[in-house]
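The analysis underlying the following values was restricted to heavy atoms, covering all of them including side chains, and did not include hydrogens, waters or symmetry mates. If you read the sequence from its start, that first residue is 1, and numbering goes on from there. As the structure lists them, so they are numbered: ligands from 1, and atoms in each ligand from 1.
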Amino acid sequence: MAKRYLVRTFGCQMNEHDSERLAGLLEGDGYEPARDESEADVVVLNTCCIREGADTRLYGTLGHLKGLKERRSAEGSDLEIMVAGCLAQKDRESLLERAPHVDVVLGTHNVGRAVELLADHRESGRPIVEILEATVDADNEQFPSALPVVRENPWAAWVTIQVGCDNNCAFCIVPAVRGPEVSRPFGDILAELERAAAQGVTEVTLLGQNVNSYGRDLTLSARSELKAAHGEEPATMRHRVGGSWMQGERRPRPLFSDLLRAAGEVPGIERIRYTSPHPKDLRSDTIAAMADVAAVCEHLHLPLQSGSDEVLAAMHRGYTAERYLQRLSEARAVVGDLAVSTDIIVGFPGESDADFEATLEVAAEAAYDNAYTFVYSPRPGTEAAASEAPEVPRAVATERMSRLRAVVERSSRMANEARVGRREEVLVEGPSKRDPRRLTGRTRHNRLVHFEPQRPLRPGSYAEVEVTSASTTHLIGSLVEVLSTPKHRTKIPVAAL
Ligand code: 5AD
Ligand code: SF4
């Protein structure tokens with residue numbers, strides 16, 4: 001019988017995508033998916049360390065798996081445990097000190113090695129820790145265009161366009177665990193989009209820590225290559241963008257906006273999303289591409305972090321509240337009917353009442369459709385964790401958080417209520433968890449919609465839905481018409497004989 005695997009993901013979209021790769025690699029090696037730990041021969045925990053809590057969850061889960069592994073070994077079988085992702089990259093060998101029953105520790109730069117490392121462990125009978133310091137180049141396994149993926153939803157694909165981050169936000173562990181920014185070659189990204197579309201994918205999310213600086217490293221290296229070849233930089237630079245050459249451009253290409261435009265040309269891709277741009281780098285050409293390219297969804301995730309200029313400066317964010325709001329209104333003016341979401345941290349060291357009031361004001365003015373709000377947690381090794389600024393007491397942070405939630409929820413509810421009576425294009429995800437007679441899907445704005453279909457409708461279908469009511473978190477609607485049914489193949493389970 002085939003061995004079974006289970007991948008559990010903690011954390012962000014980058015991690016969810018890495019999990020799809022880990023699943024793809026294991027299935028490529030003959031494993032089949034397990035429904036839960038009790039069925040699994042290998043459990044992979046793909047971890048995140050951006051915020052506190054992930055550690056607690058990881059070590060809690062490892063504690064639970066320890067008992068299971070011991071029972072297995074008493075029965076003469078095994079449960080192999082692999083820890084991957086940011087926490088593995090950060091904790092390395094020390095992870096084994098806290099959890100000696102872990103068999104493989106795999107970092108963020110070598111996801112493609114999962115199967116080999118499991119084999120190494122089996123051969124040696126010892127725990128294996130393999131952590132690389134950085135992505136060597138964009139052709140290595142960090143951008144495994146050749147690596148298989150098992151998509152959570154067959155109609156939706158994450159596509160990594162860049163890994164790492166060159167910024168140094170004082171609170172953030174990402175540069176330490178994901179390394180410097182490396183952009184994936186333009187042609188590879190397009191090829192992956194085309195392949196995904198051919199498999200029936202209709203929605204793609206372009207992933208990067210700072211998507212707006214996509215291409216910066218590519219053009220820098222192209223420049224130095226040209227310099228090496230010609231002794232000096234040519235006066236006009238030629239860069240291949242998609243299928244055509246751009247010549248005599250004052251700006252080196254490709255830019256992120258070139259990528260949005262080229263992605264918009266891929267037949268079959270109906271929706272393009274991306275996450276996240278950095279407010280300091282959000283350029284007019286990106287906003288213009290959002291407006292021009294029909295497939296790019298009218299949704300911008302623009303992390304604010306704080307509305308206080310002092311806190312923003314201490315965080316090294318590179319913008320002021322006023323500049324942020326200017327960018328936002330430019331985007332709203334150019335891209336009609338734009339939904340906006342954000343990330344905000346409360347309780348950054350030294351955040352005063354006045355700083356927090358500024359955050360409330362900016363959040364109210366920005367009138368977010370949705371916001372991810374976090375209580376600051378010190379990440380060892382970051383600048384903020386060593387800060388001398390006074391800590392914000394937990395109770396104060398919690399109280400601030402509930403006031404911020406009230407502001408954000410007010411604008412979410414108003415934005416949702418403004419949709420009542422409108423018709424929305426909904427990409428169907430499946431039956432609603434609360435009420436199985438209803439289907440759940442998302443609009444181009446990424447709003448959750450529940451509606452009753454008159455007849456069964458497969459996940460991945462597009463439907464036009466008239467919105468009949470709204471709450472803070474979702475819309476309720478009625479089906480107007482089915483726009484399209486999915487093109488991906490449905491897996492037909494094969495019963496064991
Ligand atoms: N504490 C709290 N929130 C954090 N984030 C990143 N690091 C921290 C931290 N140390 C939040 C930021 C970021 C999101 C992905 O996680 O808001 O945009
Ligand atoms: Fe972290 Fe800042 Fe880079 Fe985002 S831009 S990944 S918050 S360092």
- Query: Does a donor on one side chain and an acceptor on the other come within less than 3.5 Å for Arg184 and Thr160?
  - Reply: no
- Query: Under 4.5 Å between any side-chain heavy atoms of Arg403 and Phe356, yes or no?
  - Reply: yes
- Message: So if I count the atoms of ligand 2 from 1 in the order they appear, which ones are less than 4.0 Å from some heavy atom of Phe171?
- Response: 7 (S)
- Pairs in or reaching into residues 333-343: which pass salt bridge (Lys or Arg N to Asp or Glu O under 4.0 Å), with residues at least two apart or in two chains? Asp337-Arg419, Asp337-Arg422
- Contacts for ligand 1, heavy atom under 4.0 Å, by chain and number, are Ile50, Arg51, Phe171, Gln305, Asp343, Ile345, Phe374, Val375, Tyr376, Ser377, Arg379
- Query: Would Arg444 and Glu298 pass as an ion pair if we require N to O under 4.0 Å?
  - Reply: yes
- Query: Hey, which protein N/O/S atoms does atom 3 (Fe) of ligand 2 have under 2.8 Å?
  - Reply: Cys165 SG
- Task: Compute whether any side-chain donor of one residue and acceptor of the other, for Thr286 and Asn212, lie under 3.5 angstrom apart.
- Result: yes
- Query: Do Glu351 and Ser308 have a side chain donor and acceptor closer than 3.5 Å?
  - Reply: no
- Sub-4.0 Å heavy-atom contact, Arg317 with ligand 2: yes
- Message: Can you list everything that forms a side-chain contact (heavy atoms from CB on, under 4.5 Å) with Glu365? Sequence neighbours excluded, please.
- Response: Leu325
- Query: Going by distance alone, is a donor N or O of one side chain under 3.5 Å from an acceptor N or O of the other, for Glu383 and His316?
  - Reply: yes
- Does the pair Thr202 and Tyr462 meet the rule for a side chain to side chain contact (heavy atoms under 4.5 Å, CB included), with working shown? CA-CA 10 Å; Thr202 62; Tyr462 284 81; 2.9 Å; yes
- Query: Any ion pair linking Arg379 and Asp55 (charged N to carboxylate O, less than 4.0 Å)?
  - Reply: yes
